[in-house]
Structure formats: C-alpha cells, structure tokens
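Data block below; observations after.
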4 protein chains.
Amino acid sequence: MKSLPQPRKMPRQARSQHMVETILEATARVLAERGYAGTNTNVVAERAGVSVGSVYQYFPNKDSLITALHERHASQMYAVVDKVLDGAGAGGLRARLADMVRALLEAHRVEPELHKVLEKEFPFFDAPHDESPADHSFFRRVRELLETHAGEIAPRDRDLATWIVLRTLETLVHAAVIDAPARFSTEDIEQNIVDVLAGYLMPGAPRAA
Amino acid sequence: MKSLPQPRKMPRQARSQHMVETILEATARVLAERGYAGTNTNVVAERAGVSVGSVYQYFPNKDSLITALHERHASQMYAVVDKVLDGAGAGGLRARLADMVRALLEAHRVEPELHKVLEKEFPFFDAPHDESPADHSFFRRVRELLETHAGEIAPRDRDLATWIVLRTLETLVHAAVIDAPARFSTEDIEQNIVDVLAGYLMPGAPRAA
Amino acid sequence: MKSLPQPRKMPRQARSQHMVETILEATARVLAERGYAGTNTNVVAERAGVSVGSVYQYFPNKDSLITALHERHASQMYAVVDKVLDGAGAGGLRARLADMVRALLEAHRVEPELHKVLEKEFPFFDAPHDESPADHSFFRRVRELLETHAGEIAPRDRDLATWIVLRTLETLVHAAVIDAPARFSTEDIEQNIVDVLAGYLMPGAPRAA
Amino acid sequence: MKSLPQPRKMPRQARSQHMVETILEATARVLAERGYAGTNTNVVAERAGVSVGSVYQYFPNKDSLITALHERHASQMYAVVDKVLDGAGAGGLRARLADMVRALLEAHRVEPELHKVLEKEFPFFDAPHDESPADHSFFRRVRELLETHAGEIAPRDRDLATWIVLRTLETLVHAAVIDAPARFSTEDIEQNIVDVLAGYLMPGAPRAA
DNA sequence: CATGAATGAGTATTCATTCAT
DNA sequence: TATGAATGAATACTCATTCAT
C-alpha cells in the first residue's frame, strides 16, 4: 500500500507558488476534459504553458498531481463547510445539516465536470480518507458539531456517527451532482439528503417540509 | 460516453462457458492482488492458464474484463438481497433493512480484497449505475419493498427514496468493508447503517437497541 | 528470395474446385474492399462462408491466396489477349497492338477496384514476372506476334523488345485505370498507349488518327 | 483514402535534422535488407542507434517512415534529372531523353536493393503520384522539355504526353534495375528505353545506333 | 531553475496457423 | 475433409521520467 505522494517541496517563493497553481489548474482542466486515461504529464505541462521538467520540479510523479488536486478539493470543501458552520444561523442541528448540504451542493455545482472526474478517480489512488489533513479537519469540525448538539442526537458512539455522517454526506452529494436521474428535482434531492442525516442523528425529530 | 463493453460472444457451449469463468476468476485474482494499474491482459491470460488470444476471443478489450466482473458482482449482490427478501422473516420494514445490510456485509466480507478493487475501480469506467441489468433489478426490488411498506415510510417520492437508499446502502457497506477504522466494531457499524436507512424512511419509529 | 507459394494441392474433385473458387472470390472481394492490410485469413474464410481450416486445406499460407489471385488475373489477361490475337483482324502490327490495348483496358475496367489492389500489392510479393505460367504464355504470345511482323519492326533483339513491350503495356494499362487524371479522355489514353508501342516497334510508320 | 503521412515536426535545429537523417538512413537499410514485412519501428530505432520514442518524436507512424523515404527518393531522382537537363548538352530531344535515361539508370544502380523495395512497396501506400511535391516538380520539368521541343514532337496533348513519358520512364528504369533478365545487356536496355520514348514523341525521326 | 529532446520499459491487440473433434 | 476454438509470437505506439543544456 503506497503512501500518499507528497509534493516534492513546499514552495515558499511567490514564483513557485504561482507555478504550482498553474500546473494544478492545468491538471484540473485536462482531467475534466479528457478523463484520467487521457491525462498525461506532457499534456498537463503543455496546457500549463510550462515544460515537463517544471512539473517534475514540484510534483514527484503523475499521481501526486491528482492527489494534490484532491487535497485542494478537500480543503475547499472544508472551507465551505467551515464558513457555513461559523455563520451559526438560527435553528438546531437540522438547520446546520441543511446548511452544510446546501453549501456543498452549491460548491460542487461550480465545476461539475471536474468533480466528476475527481470523484471517479479518487478511489483509484490508495489514499485512505484519513491521510488527508483536510479530511482530518473536516472530521473534527463535524465531530464538534455533534458534540455541540450532543443532547439532541441518538447515536451513542459520536466518533462512529461522525464517520457515518461524513461518508453519507460525501456520497450523496457526489451522487446528486454526477449520477442523479434528471427526473429528481434539485430541491427534492437536497431535502432528502438532509432527511437522511437528520433521520439518522435525530430519529424522533419532526421532519420539515 | 462510451457504452458498457460487452463480452464479444455469448458463450453457449460448456467449454466456452468454462473459459469465460476461468478468465474472470483470473481477472479477479490479479485485480485483487495488483490493482488496476498492475493488471494487464497478458498477466490475466497467464494467470488463467490461457493464451492472450483466448482472452480476446471472449472479451473485446481490457475494460470489458472489469466491466464483466462488476456485472457479476452486482448480480451476486442482487441475488443475496433477493434471497433475503424472499425469506420474508417476521418484523416490519426495519427488520427487512437489517436483513439486507447484514446479508450484504457478509457477502462483502468473503473476498474483501476483490471488492475493494472493484469498488475502487468501478467509477473509473463510464458505467452509469443505470446501465447494468443487475442494478436495474436491484432498484426494482428495493422499490417494491418500499411499496409494500408504503404506509410506514415518510418520503413522498418513492423513486427518489429508492435511489437514496441504494446509494447510501452501497457506500456504507463498502466503506464498512474497505475503509472503516478498526476502532469501530462490526456490529456497531451494521447497526448504524440500519439506523441511517430506517431513520430516513421511518423518522418517527423507535430505534431498536 | 522465397519462391512462389503454390496451392497446396491441385484439386481435382468438383467439390474442391468449387471451394477454391469460392475462397478466391472472397479473397478478391475482401482485398478490393479493405486493401492488403485489412485482409486476413479469418475474414476471408468468413466471407467465403467457410472455416479457416478449409482455407488452409487449399492454400498453404496467406500469401498464396494473393499469389493465386494474381495468377488468375494473369491468366484472364492472357486469355483476353489470346482471343483478340486469334481473332486476327485486318491491318498490320499497329492494328494488333491497338486490339490488345483496347481489350486489356476493357478487361481492367470490369473490376477496377480489385485490379487496383492487385496491382498495388503485386510487387509486394517476391514473385518475379517470369515465375508465372500465365506470364510465360503471355510472353510467348507477344513474341510470336513480333516474329510474325518481323519485317516491320525496328528493334533487333526480339526478346528484349517483347520484354519492353510487356512492361510498358502492363504499366500503362494499369496507370490508365488506376492513376490517370480525369482530364485525360479514355480514347486519348488508349490512342497514346498504342502510339508508344507502335512508335517503339515501328518508328517510321505513319501514326493513325 | 488517407492522405500522405507527414513528419510529425519540421525539424529546424541541426540536432533534430541529424536525427531525422539517421532514422531515415536506418529505415532504408532495414527496408533493403528485410523488406516491408520484416521492417518494424523497433528494429529501425535499434538500427539507427536511437530509441523508439525518438522515432515517434519525428514520425507519427510507421508508414510515414516509408513515405518520407519515397519523397526523398523522388527528390533525388528529380535532382538528377534536373541537373542533367540543366547541363543542356548538344543534340535535340532524343539526346535529352537519352541523358535522362542514363542518369536515372545510374542513380538507381547505386542502391539497387533499396530502390527495389521502395518501388515494390510504394504502391502499397495510398499515395497517388500527384501528392508528392517532388513528383510535381518532375512533371513540370518534363513538360517544359516537351514545350521546348514542341516543334519536333507528335503528340498533341502535351500534358498527356508528359504523363505517358513519366509513367513509362519510371517503370522501365525500375524494371531495368529490378526485373531485367540477365541476358539483356545494360546498354541494350538503355538504348531501348530511349527508343520507346523517342518513338512515341518523334515517330518519324531516325533511330540512332 | 527552466527547458524539452531523448529514453525505453511496458502493453493492448492482431492474426497466421494448428489440431482436436 | 471440414470445423473453429485456441494459440502466442509479433509489433505499433505511449508516456512517465531523466538530464544535458
């Protein structure tokens, strides 16, 4: 089981930072347009307007490109959720869950094509969920949320509950964006995802319209 | 979006049937041991004790091997669920859901390595869920289950509910087998998956121990 | 330099004769439609409605198929010329040459596609012109023609003259059918081919309209 | 009908130029020694002392190698003829034709083996004569020659005459090098080729010894 | 640091040919 | 004889990676 490929170096200079960004952007575009099979370092380099050598200056190998993209995605998603939870609107846990679901769905609808490949290709890499820093943060944040509403939720093992929630949230959001038959309306799907989570955490609670 | 690769010929004779089986078995083993990247037609053939030519006699290309494996997996999982639901034990919807979850978890624990790769690689192919016959059957079966218990369930759109249940069931079962941190006990996970489904379908219902 | 592949056996029975014909026909069609690269024994067999094994019963290898086709073509062309020369019309050598050219052009226009590939692929096989029986006959026939008109022709070495005539005739007829720019009329081409041959053999003779 | 394969990149730098040359030389040698069937990109690369990748850096596919070789051959032949015609010796059209024939025969005798395969394989590619730049130049040059001697020649359609001359010249020269039975002397063949062309263009003119 | 020409191991796929039935 | 499933050597082409400039 190979470990998560890491960027070769932590680029500190602005120029390098920019280079990394450019390469990652190119990777995203190529990946979105041509899928994993059609993506190769030479094309990425060309698309980034950079030489292959430069790509290898910052990424030790091809897979690290994808991994980095994933990490970026995870960070972005975490940021989205973080912001929404910080925004601490009114209402109880259900409202918070609804906020998260809506925010994530929105975020995913920005570049559906990219997320599509990202989701599709992710499992391709032996990157267990718990090796990503962003995923850790995500886990912690949700866990905190459950703690905060400890009184309202049914599951005993809060750790397990967090894990279940994350897994479910992830799949359903992705499925909604990628897979969902056209006959299901966006609102209904959103609603139902919330229902799944709320139903699990607060079985007795009344279900909103 | 390319359509599902189909076996090149429908083997009717026993000899051919056997050949297809052998090849598929070999594919499964190789896939489980070496992952997608490490799997190639020549190795599969060798492992099957068969010539490459024979592989291509029955499968038009490499991907069709994986696709066929998936279809087989889907069929098996459907069979498992079908049997369990036919076995119509006592109890309401919750009992049925519990039966399904337990049966699926058991089935997946037989060849965890294979299911791992299968799950990991599946999205890799542009095979939307609804192109697989087995998936169709699965959908129909679950939908019937919901119809049968129409009185007990909350979600209005039964089609959507079926979709949500399937997606959730699939991920959580796979996650349980592949991803789950060791600190979660098998029983707890199982219990919680049922809670997710039951909580969604029957929000008010009492949660069993 | 490999020698001309020969049909494995001289089939005497009607059934076999028919089989050989069928296979050769199929080869011709496949060759005409898909070119040499696209032609393979399995396709030929299928097209002939026969098993590959049967093909190998009568032809030792793939190339022998093409060779046989060539021999058939050569025979046919010889037959055409033979007939025309036997028909001994009025006029001198020029008339005879004109007869040959016209007959050959007509014959080639029947299945231009096939002749195209045949001509294209012929040199591909190490089959020098003088190994084909039909080519021998052809040579003899033309040589006789020159002997008959010995008094009218300029070239001293009648053997060489025959060779030159044959080479020229062959290319120009093929070029006329395959290559000729559309702006040249059929009649003009025909006329000019005759002029080439007549001009060579009877330099001083008046050129007909 | 596929178009002429083109070199993948137009090499401008000396290094690349050299690489292309090396590869082409190797192709020629391999082709001459093993024929088309025996020629494959890996062998060519090896023979060129270069990696396969480099071959593909400059030639998009195998066929483009052969095509490039042909073009080179055509250019060389054109250069030879061009030089000879520029050398404008004394004498009329017949002398010019004789010059061309002699020059071409000489040129072909340098690497007979290569020209053999080249000629043999040429038709194999769907490269009509008129797609090659060199062939165009050749056509133009010969056409000019005929114009220059317009007063002496019999054929009305000078375009057609050029075409006929080229076709005939090409075949007979190649036949002379490749096919000619040993019993024909080089000089006799040369003489007769000139006779064919001169007899066609200037039917009445006296035939030199 | 950036470049991009060069590398060459790796792989999917084809197809002539055989031979057990 | 006819069949056609099975064989497996052969080969075009790709692409991650390196390294001299």
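Here is how names work: the chains are called A, B, and so on, in the same order as the sequence lines, proteins then strands, and each is numbered from 1. All values below were derived from every heavy atom in this structure, side-chain atoms included, with hydrogens, water molecules and symmetry-related copies excluded.
- Rounded to a whole Å, the CG atom of Asn61(D) is 14 Å from the C1' atom of dT14(F).
- For the pair Tyr56(C) and dT3(F), the criterion of a side-chain N or O lying under 4.0 Å from OP1 or OP2 is not met.
- Along DNA chain E, the nucleotide nearest Val52(D) and the nucleotide nearest Val52(C) are compared for position; the residue whose nucleotide lies closer to the 5' end is Val52(D).
- Side-chain atoms of Glu25(A) never come within 3.5 Å of backbone atoms of Ala48(A) as a donor-acceptor pair (strictly under, hydrogens ignored).
- For Phe59(A) and dT18(F), the CZ to P distance is 16 Å, given to the nearest whole Å.
- Look at CZ on Arg34(D): it is 11 Å from P on dA10(F), rounded to the nearest Å.
- Toward the 5′ end of DNA chain F lies the nearest nucleotide of Ser54(B), the other residue of the pair Ser54(B) and Lys62(D) mapping further downstream.
- The shortest side-chain heavy-atom distance between Phe59(C) and Thr67(C) does not fall under the 4.5 Å cut-off.
- Taking a cutoff of 4.0 Å between a charged side-chain nitrogen and a carboxylate oxygen, Arg29(C) and Glu111(C) do not qualify as a salt bridge.
- Of all nucleotides present, only dT3(F) satisfies the Watson-Crick or G-U wobble test against dA20(E), with each distance under 3.5 Å.
- Residues from residues 38-51 of chain B placing a heavy atom under 4.0 Å of any atom in DNA chain F, listed by number, are Val50(B), Ser51(B).
- Remark: P of dC15(E) and CG of Leu65(C) are 15 Å apart, rounded to the nearest angstrom.
- Between Val55(B) and Leu65(B) there is a side-chain heavy-atom pair separated by less than 4.5 Å.
- Put simply, CD1 on Ile23(C) is 12 Å from C1' on dT1(F), counting in whole angstrom units.
- Under the 4.5 Å side-chain criterion, counting only non-hydrogen atoms from C-beta, His70(B) is not in contact with Ser132(B).
- The cationic group of Lys62(B) lies under 6.0 Å from the six-membered ring centre of Tyr36(B) and within 45° of the ring axis, placing it in a cation-pi geometry.
- Set against dA9(E), dT17(F), dT7(F), the side chain of Gln57(B) has dT7(F) as its closest nucleotide.
- Within a 6.0 Å radius of CD in Glu46(D), no more than 12 heavy atoms belonging to other residues, nucleotides or ligands are found.
- In terms of phosphate contacts, Tyr58(D) brings no side-chain nitrogen or oxygen within less than 4.0 Å of OP1 or OP2 of dA5(E).
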